[in-house]
Protein chains: 2
Amino acid sequence: MDSKKFEKISKALSDSSRIAILEKFKKKKDDCLYCTEVHDFLDLAQPSISHHLKQLVDADLLIPEKEGRNLKYLLNQSVLDDYIKFLSALKS
Amino acid sequence: MDSKKFEKISKALSDSSRIAILEKFKKKKDDCLYCTEVHDFLDLAQPSISHHLKQLVDADLLIPEKEGRNLKYLLNQSVLDDYIKFLSALKS
DNA sequence: TAGAAATATCGAAACATTTGAATGTTTGAA
DNA sequence: TTCAAACATTCAAATGTTTCGATATTTCTA
């Protein structure tokens, strides 16, 4: 991961609504989240939620999957790992 | 680390100048960086550099230490570790 | 195929961040 | 004790982000 990518992911992680979305994955047995579910816990208008999910997808933190009219998201574990590796390298 | 703290650190990490500052620590034998050194590799006016360093200190990523007229910074390894722990917890 | 549900896009308002010129403060050196 | 060096603060311009109403698109269902 280069520093430009790291910057983009950091930006995606620097908003409370987007952090709340990512944290939802922890609380779920299955590791997928539906767009509709996000409306249930985020008190934001639909275009705002769409915007935040797009930021996370553009940063490769979420992988979108169409299911008819619905959108399902998977957490991209490997990008998280790469991001953590970049951080660890800062320490050495 | 709570999510508010995580958000603040992510914001501090989401700027190319600040990432460049943090990356400088890697390239140094000793693990401290002087404010003056930052002027040498960042093409920014002095107040901008002061602003970026303040962001990193406010996020607890850097620990400032006065040395006469100069300012020395240490990388806060334990905050980086806590930040990484928060990220790892997202994966589970 | 008409209508409704789920999501995306556009455009504008509100707000936050970045940047640097001007200026202030602190401290070491002459 | 003056002067210069190092850093901080203030303020304003430029730019970027967040938010939502309005509207468009896609797809399911009756």
Side-chain angles (χ1 to χ4, degrees), chain A residues 3-25 28 30 32-76, chain B residues 3-25 28 30 32-76:
Chain A
S3 69
K4 213 63 203 164
K5 176 84 184 171
F6 180 81
E7 181 186 346
K8 182 158 197 175
I9 294 175
S10 297
K11 198 155 287 175
L13 293 173
S14 68
D15 176 276
S16 60
S17 298
R18 292 194 291 268
I19 295 170
I21 292 171
L22 295 177
E23 283 190 303
K24 265 294 159 182
F25 283 91
K28 298 202 68 194
D30 44 351
C32 73
L33 187 70
Y34 284 85
C35 184
T36 316
E37 289 179 84
V38 179
H39 286 83
D40 298 340
F41 65 86
L42 278 194
D43 189 22
L44 286 174
Q46 179 265 323
S48 303
I49 291 175
S50 200
H51 162 76
H52 285 307
L53 286 167
K54 185 169 168 19
Q55 302 279 108
L56 291 169
V57 169
D58 286 354
D60 290 324
L61 285 166
L62 294 187
I63 299 161
E65 243 174 68
K66 265 199 122 171
E67 273 192 2
R69 278 184 301 196
N70 303 309
L71 248 173
K72 179 165 95 172
Y73 293 98
L74 301 175
L75 192 58
N76 192 344
Chain B
S3 69
K4 213 63 202 165
K5 176 85 186 172
F6 180 82
E7 181 186 345
K8 182 157 196 176
I9 295 176
S10 298
K11 197 156 290 176
L13 293 174
S14 67
D15 176 276
S16 60
S17 299
R18 293 194 291 268
I19 295 170
I21 292 171
L22 294 176
E23 284 189 304
K24 265 296 159 179
F25 282 92
K28 298 202 67 195
D30 43 353
C32 74
L33 188 69
Y34 285 85
C35 185
T36 316
E37 290 180 84
V38 179
H39 287 82
D40 298 340
F41 65 87
L42 278 192
D43 190 22
L44 286 175
Q46 179 265 322
S48 302
I49 291 176
S50 199
H51 161 76
H52 285 307
L53 286 167
K54 185 169 169 16
Q55 301 279 109
L56 291 169
V57 169
D58 286 353
D60 290 323
L61 285 166
L62 294 187
I63 300 163
E65 243 174 69
K66 266 197 120 172
E67 274 193 0
R69 276 184 302 197
N70 303 310
L71 249 172
K72 179 166 96 174
Y73 294 98
L74 301 175
L75 193 58
N76 192 343

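Numbered from 1 within each chain, the chains take letters A, B, ... in sequence-line order. Keep in mind it's a predicted model, so treat the numbers as computed, not measured.
For the atom pair CG of A:Leu62 and CG of A:Leu56, the computed distance is 4.5 Å after rounding to the nearest 0.5 Å. The CG atom of A:Leu42 sits 9.0 Å away from atom NZ of A:Lys24, with the distance rounded to the nearest 0.5 Å. One finds the CD1 atom of A:Ile49 at 8.0 Å from the CZ atom of A:Phe41 (value rounded to the nearest 0.5 Å).
We find that CG of A:Leu13 is positioned 16 Å from C1' of D:dT17, with the value rounded to whole Å. Whole-Å rounding puts the B:Lys66 NZ to D:dC7 P distance at 10 Å. Atom CG in B:Leu53 sits roughly 10 Å away from atom C1' in D:dC7 (whole-Å rounding). Between the CG atom of B:Asn70 and the P atom of C:dT27 there is a distance of 12 Å, given to the nearest Å. With rounding to whole Å, A:Lys54 atom NZ is found 6 Å from C:dT9 atom P. For the pair A:Arg69 CZ and C:dG3 P, the interatomic distance rounds to 16 Å; values are reported in whole Å. C:dT26 atom P lies 14 Å from atom CG of B:Leu71, rounded to whole Å. One can place CG of B:Asp15 at 5 Å from P of C:dT18, the figure rounded to the nearest angstrom.
Residue-level contact check: A:Glu67 touches neither bases nor backbone, having no heavy atom under 4.0 Å from any strand.
Near DNA chain C, meaning a heavy atom under 4.0 Å away, the residues from residues 35-52 of chain B are B:Leu44, B:Ala45, B:Pro47, B:Ser48, B:His51, B:His52.
Side chain of B:Ser10 to backbone of B:Phe6: a donor-acceptor contact under 3.5 angstrom is found. Of the possible donor and acceptor atoms, one in the side chain of A:Ser14 sits under 3.5 Å from a partner among the backbone N and O of A:Lys11.
Under a 4.0 Å N-O distance rule, the pair B:Lys8/B:Asp60 does not qualify as a salt bridge.
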